[in-house]
Structure formats: structure tokens, C-alpha cells
Participant: 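If you scroll down you'll find the structure; I have some questions about it.
Just so you know, these numbers use all the heavy atoms, side chains as well, and skip hydrogens, waters and symmetry mates.
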Amino acid sequence: MTFDKEKILQYCNQISENTLMQTLNIEFTDAGEDYLVATMPVNSSVHQPMGLLHGGASVALAESVGSAASMLYVNSEHSEVRGIEISANHLKAKRDGIVTATARIVHKGRSIHLWEIRITDEKDNLISLCKLTNMVLPKRKSEDK
């Protein structure tokens, strides 16, 4: 299979329509053989009451990019991806601007994918460091769902 960055980004942004990713204005912006990148604007729609980026919004960004990245490694006709664990360390506050999440594969097994997701700001300051574990499952037949 040939790596086609533009097709990957188009696919990831297309499957995000009418989902939480669209609600949070998450946009997939870059891809490579072992990574996927998405951005999210930081404004009042993703703030907690103190006017800072909500940790839950950061985690939603991290899980979105890590899960989409796992989907790129599986045959969607035969397999599905499910996030089974995520952890996040929020290291720096952010009030406005853009954050960028870069998911890099740590372990790519047949049934488990482990991702490290670094969320940074425009100056490359580390905002959050996340770890996501995804399980790869056989796709259920439509009558089994």
C-alpha cells in the first residue's frame, strides 16, 4: 500500500463530520508513516470555568487523533478500533490560540496499539502528554451489533 498523506487527511476529516471532533473544531492536518497530527482551537467553547483549556477537551483531542491513527493501521472491512485506556498529564495552561496533538505509535500489535500523544501550543510548549491504548477487534456482522 502506498502512503498518501492527502487521502489520509481527507478521510480523517470526513469521518469526523457530525461527531465530537466537529463540535470541538478538531482538524487533521498532517500524517506520516508512524504519526498523525490534529489541531484544535482554544477559545471559550473548550474552556473550564476559570477560562483555561479544559483537560477533558485535551483528552478528547488526544483520543481523537490516537484512535484515528489506529484506524489507519487496520483493514476496516475486517477490524474495528476501540479506545480502552487513556491517561493525561496536563502540564501547562492555555487560554487561547491553537493546540496541536501529535500521535506517535509506541507499540503496534495485532490486537493492541499504544500511542503517545503530545499536545503542544504554537511555541511548541508541551501542554499535555497523553497515552492511549486501543484494542483492535474483529468487525461484528451487522446483525451482531
Participant: Tell me every residue that passes side-chain hydrogen bond (donor to acceptor under 3.5 Å, both in side chains) with Asp34, counting only those two or more places apart in sequence or in another chain.
Facilitator: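 side-chain hydrogen bond (donor to acceptor under 3.5 Å, both in side chains) list for Asp34, sorted by chain: empty.
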Participant: To the nearest 0.5 Å, how far apart are CD1 in Ile26 and CG in Leu20?
Facilitator: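 Here the rounded value is 6.0 Å.
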Participant: Sequence neighbours left out, what passes side-chain hydrogen bond (donor to acceptor under 3.5 Å, both in side chains) with Lys108? Give chain and number order.
Facilitator: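 None.
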Participant: If you take all heavy atoms of Gly66 and Trp115, which pair is closest and at what distance?
Facilitator: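 Looking at all heavy atoms of both residues, the closest pair is O-NE1, 3.6 Å.
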Participant: Hey, are the side chains of Ile98 and Val42 touching, using non-hydrogen atoms and a 4.5 Å cut-off?
Facilitator: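 No - every pair of side-chain heavy atoms lies 4.5 Å or more apart.
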Participant: If we only count heavy atoms from C-beta on, is the Asn13 to Met21 side-chain gap below 4.5 Å?
Facilitator: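 Of all side-chain heavy-atom pairs linking Met21 with Asn13, none is under 4.5 Å.
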Participant: With a 4.5 Å cut-off on side-chain heavy atoms, are Thr29 and Leu9 touching?
Facilitator: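 Leu9 does not reach Thr29 side chain to side chain.
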Participant: Taking only residues at least two apart or on different chains, which pairs with a member in residues 86-102 satisfy salt bridge (Lys or Arg N to Asp or Glu O under 4.0 Å)?
Facilitator: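 Pairs touching residues 86-102 that pass the test: Lys94-Glu122.
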Participant: Kindly give the heavy-atom pair with the smallest separation between Asn25 and Pro41, and that separation in Å.
Facilitator: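 In terms of heavy atoms, the two residues are closest at O-CD, 3.3 Å.
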Participant: My understanding is that only residues two or more places apart in sequence, or in another chain, count here; which of them pass side-chain hydrogen bond (donor to acceptor under 3.5 Å, both in side chains) with Arg82?
Facilitator: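 With sequence neighbours excluded, Arg82 shows a side-chain hydrogen bond (donor to acceptor under 3.5 Å, both in side chains) to Glu80, given in chain and number order.
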Participant: With rounding to the nearest 0.5 angstrom, report the OG1 to CG distance, Thr100 to Asp30.
Facilitator: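 So the gap between those two atoms works out to 10.0 Å.
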Participant: Verify, without hydrogens or angle tests, whether Lys139 (side chain) and Ser76 (backbone) share a donor-acceptor contact under 3.5 angstrom.
Facilitator: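 Yes, Lys139 side chain to Ser76 backbone: donor-acceptor pair under 3.5 Å.
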Participant: List, by chain and then residue number, the residues other than Leu52 in its hydrophobic cluster (Ile/Leu/Val/Met/Phe/Trp/Tyr, side-chain heavy atoms under 4.5 Å); write none if there are no others.
Facilitator: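 Members besides Leu52: none; it forms no cluster.
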Participant: Suppose we screen for side-chain hydrogen bond (donor to acceptor under 3.5 Å, both in side chains). Which residues come up paired with Glu6, at least two apart in sequence or across chains?
Facilitator: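 Once residues adjacent in sequence are excluded, Glu6 has no partner under the side-chain hydrogen bond (donor to acceptor under 3.5 Å, both in side chains) criterion.
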Participant: Rounded to the nearest 0.5 Å, how far apart are CG of Leu61 and SG of Cys130?
Facilitator: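 Going from the CG atom of Leu61 to the SG atom of Cys130 covers 8.0 Å.
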Participant: Where is the tightest heavy-atom contact between Met71 and Tyr11, given as atom of each residue plus distance?
Facilitator: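 Of all heavy-atom pairs spanning Met71 and Tyr11, the closest is CE-OH, 3.3 Å.
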Participant: Working to the nearest 0.5 Å, report the span between CG of Asp4 and CD of Gln10.
Facilitator: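 Reported value, rounded in 0.5 Å steps: 9.0 Å.
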Participant: Apart from Val37 itself, what residues make up its hydrophobic cluster, given side-chain heavy atom links below 4.5 Å?
Facilitator: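 Once heavy-atom contacts under 4.5 Å are chained together, Val37 belongs with Tyr35.
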Participant: Please report the interatomic distance CG(Leu24) to OG1(Thr19), rounded to the nearest 0.5 Å.
Facilitator: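 These two atoms lie 8.5 Å from each other.
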Participant: Measuring from Glu85:CD to Ser87:OG, what's the distance to the nearest 0.5 Å?
Facilitator: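 Output value for this atom pair is 6.5 Å.
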Participant: Are Val74 and Leu72 connected, step by step, through hydrophobic side chains (Ile, Leu, Val, Met, Phe, Trp, Tyr) whose heavy atoms are closer than 4.5 Å?
Facilitator: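 Yes: a chain of side-chain contacts under 4.5 Å links Val74 to Leu72.
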Participant: Going only through I, L, V, M, F, W and Y residues with side-chain contacts under 4.5 Å, is there a path from Leu36 to Val106?
Facilitator: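 The answer is no; the residues belong to distinct hydrophobic clusters.
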Participant: Show, in sequence, the C-alpha distance, side-chain angles and deciding distance for Lys5 and Lys7, and conclude whether the side-chain contact (heavy atoms from CB on, under 4.5 Å) test is met.
Facilitator: CA-CA 6 Å; Lys5 175 179 157 177; Lys7 280 187 179 177; over 6 Å; no
Participant: Tracing side-chain links under 4.5 Å among I, L, V, M, F, W and Y, which residues wind up in one group with Leu129?
Facilitator: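 Its cluster mates, by chain and number, are Leu91, Leu126.
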Participant: Hydrophobic side-chain clustering at under 4.5 Å (ILVMFWY, transitive links): who's grouped with Met135? Put none if nobody.
Facilitator: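 Its cluster mates, by chain and number, are Ile84, Ile112, Leu137.
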Participant: Hydrophobic cluster membership, with links at side-chain heavy-atom distances under 4.5 Å among I/L/V/M/F/W/Y: are Ile8 and Val65 in one?
Facilitator: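 The answer is yes; both residues are in one hydrophobic cluster.
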Participant: For a quick test of reading the model, state the closest non-hydrogen atom pair linking Ser70 to Asn134 and the distance between them.
Facilitator: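 Heavy-atom minimum between the residues: OG-ND2, 2.9 Å.
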Participant: Would you check if Leu114 and Leu132 make a side-chain contact, meaning some heavy-atom pair closer than 4.5 Å?
Facilitator: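 Heavy-atom side-chain distance check fails, nothing below 4.5 Å.
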Participant: Using the side chain to side chain donor-acceptor pair (under 3.5 Å) rule, collect all pairs that involve residues 124-133, keeping only residues at least two apart or in two chains.
Facilitator: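 Listed by first then second residue: His90-Ser128, Asp121-Asn125.
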Participant: For Gln48, is the CD atom crowded, meaning more than 12 foreign heavy atoms sit under 6.0 Å from it?
Facilitator: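 Yes - once you tally the heavy atoms of other residues, nucleotides and ligands closer than 6.0 Å, there are more than 12.
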Participant: Among pairs that include at least one residue of residues 37-47, which meet side chain to side chain donor-acceptor pair (under 3.5 Å), considering only residues two or more places apart or in two chains?
Facilitator: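 Every pair satisfying side chain to side chain donor-acceptor pair (under 3.5 Å) with a residue in residues 37-47: Asn43-Ser45.
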Participant: Any side chain to side chain donor-acceptor pair (under 3.5 Å) pairs touching residues 56-67, not counting sequence neighbours?
Facilitator: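 Of all non-adjacent pairs touching residues 56-67, none passes side chain to side chain donor-acceptor pair (under 3.5 Å).
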Participant: So which heavy atom on Leu53 is nearest to which on Ala57, and how close?
Facilitator: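 Of all heavy-atom pairs spanning Leu53 and Ala57, the closest is CD1-CB, 4.1 Å.
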